[in-house]
Each structure stands twice: as structure tokens, then as C-alpha cells.
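Note that the structure is predicted; figures quoted are calculated from it, not measured. For ligands, and for the atoms within them, numbers begin at 1 and follow the listed sequence.
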Amino acid sequence: MTDCIFCKIIAGQIPSTIVYRDTQVVAFKDIQPLAPVHILIIPVEHIVSLTDITEKQAGLIGHMVVVANRLAKEQGIAQKGYRVVFNAGKDGGQVVQHLHMHLLGGRELSGRLG
Ligand code: 5GP
Ligand code: ZN
């Protein structure tokens, strides 16, 4: 997808602070962090939304969780706790149309989600 911001980040065409990368996913710091640790974990493949995930990509979602756990440890927030969030669609608050998992932590997050 040539007009997708996150595909451009993967391709290195838009600068970002990449903290992890493998053949399936890339993780980078959110440009407008909502917490001391705010990382986005995205698939290398351009998938628009969580809504598009079927059984075929179940392994990819599992891998994203494993990477989030690994990053939480690396960022020193695993012990105290953290949150992973997928926003899906307009009402879900999804702005960027490339699937992403937010990893948030480093402060006590509100117990409420919306
Ligand atoms: P959404 O609301 O779609 O779930 O979240 C999109 C996230 O992407 C937001 O937290 C926003 O700050 C982040 N974001 C948008 N554009 C860029 C960018 O160009 N670089 C980085 N690093 N993050 C971005
Ligand atoms: Zn994309």
C-alpha cells in the first residue's frame, strides 16, 4: 500500500523509532505517546483492521502478543503491568488503516476503556 503511513514506516520512507523487527512484525514508538511506554506493533503485511482477521492469521495475532510481552520486559514494565489494545473501525477509535496493537505502560492506566 503506497499511501499507507505504517507501510511507509516499515519501508523506512517515514522516520520512526523502531524497537523491534522480524519477518512478520515491526514495532516502533508512537509519535504521540499516551503513556511513558507507548509502542505500536504492526504486521509487515498490509492488513487494514482487526475486523479482517480470520483463522488464517490467528498465528500472527499470537505472535504480536508474544512480541508485546517481550517488549514489555525490555522496557521494564512487565512486572508492574501494561495494556495491549486494538482499535477496530470508527467507533473503536481506529484512525490509521493498517492493523496495529498498542502496548501501553509505565504509569497506572485508568481502569476504564472508553
Ligand atoms: P489508532 O487510533 O488508529 O488506534 O492509533 C494510531 C496511532 O498511530 C496513534 O496513537 C498515533 O499517535 C500513531 N501515529 C500516527 N501517525 C504516526 C506516525 O507517523 N508515526 C508514529 N510513530 N506514530 C503515528
Ligand atoms: Zn499499510
**Asked** Any idea which protein heavy atom is nearest atom 1 (P) of ligand 1, and the distance to it?
**Response** H100 NE2, 3.1 Å
**Message:** Among all protein heavy atoms in this structure, tell me which lies nearest to atom 20 (N) of ligand 1, with the distance rounded to 0.1 Å.
**Reply:** I9 CD1, 3.6 Å
**Spacing of K29 atom NZ and H38 atom NE2 [to the nearest 0.5 Å]** = 12.5 Å
**Fill in**
Taking only non-hydrogen atoms of F28 and a 4.0 Å limit, the atoms of ligand 1 in range are 21 (C), 22 (N)
**Point-to-point distance, once rounded to the nearest 0.5 Å, from CG of L99 to OG1 of T51** = 9.0 Å
**Complete:** atom 9 (C) of ligand 1 sits nearest the protein heavy atom D30 OD2, 3.3 Å
**Asked** Which residue and non-hydrogen atom of the protein lie closest to atom 2 (O) of ligand 1, and at what distance in Å?
**Response** G93 O, 2.9 Å
**Request:** Could you find the nearest protein heavy atom to atom 3 (O) of ligand 1 and give me its residue, atom name and distance?
**Result:** V95 N, 2.7 Å
**Request:** Would you kindly specify which portion of N87 sits under 4.0 Å from ligand 1, judged on non-hydrogen atoms: side chain, backbone, both or neither?
**Result:** side chain
**Message:** Just to confirm my output: which protein heavy-atom neighbour is closest to atom 19 (O) of ligand 1, and how far is it?
**Reply:** I5 CG2, 3.6 Å
**Item:** Audit row: L104, V37, side chain to side chain contact (heavy atoms under 4.5 Å, CB included) steps and yes/no
**Value:** CA-CA 5 Å; L104 296 150; V37 176; over 6 Å; no
**Prompt:** Is R70 reaching over with its side chain to a backbone N or O of V65, donor-acceptor style, under 3.5 angstrom?
**Reply:** no
**Prompt:** So is F6 polar-close to ligand 1, meaning N/O to N/O under 3.5 Å?
**Reply:** no
**Prompt:** For Q94 and V48, which heavy atoms make the closest approach, and how far apart are they?
**Reply:** NE2-O, 2.9 Å
**Prompt:** ligand 1 versus T17, non-hydrogen atoms closer than 4.0 Å: side chain, backbone, both, neither?
**Reply:** neither
**Prompt:** Do M64 and P43 have side-chain heavy atoms sitting under 4.5 Å apart?
**Reply:** yes
**Asked** Between H100 and H98, is the ring centre distance below 6.0 Å?
**Response** no
**Message:** Looking at every non-hydrogen atom in both residues, tell me the closest pair between A35 and L109 and how far apart they are.
**Reply:** CB-CD2, 4.3 Å
**Asked** the Zn ion (ligand 2) is nearest to which N, O or S atom of H98?
**Response** ND1
**Message:** So for atom CD, which belongs to Q79, do other residues, nucleotides or ligands contribute more than 12 heavy atoms lying within a distance under 6.0 Å?
**Reply:** no
**Fill in**
Answer key: the N, O or S atom of H46 nearest to the Zn ion (ligand 2) is ND1
**Message:** Can you tell me which portion of K29 lies within the under-4.0 Å heavy-atom range of ligand 1? Options are side chain, backbone, both, or neither.
**Reply:** backbone
**Asked** Nearest to atom 15 (C) of ligand 1 by heavy atom, V96, L99, I14, L34: which?
**Response** V96
**Item:** Atoms in ligand 1 with a heavy atom of Q32 nearer than 4.0 Å
**Value:** 12 (O)
**Prompt:** Just wondering, more than 12 heavy atoms not from D52 lying within 6.0 Å of its CG?
**Reply:** yes
**Message:** In terms of relative ring orientation, are F6 and F28 parallel, tilted or perpendicular, with 30° and 60° separating the classes?
**Reply:** perpendicular
**Item:** Which segment of V85 sits under 4.0 Å of ligand 1 when only heavy atoms are counted
**Value:** neither
**Fill in**
closest protein heavy atom to atom 23 (N) of ligand 1 is I31 N, 3.3 Å
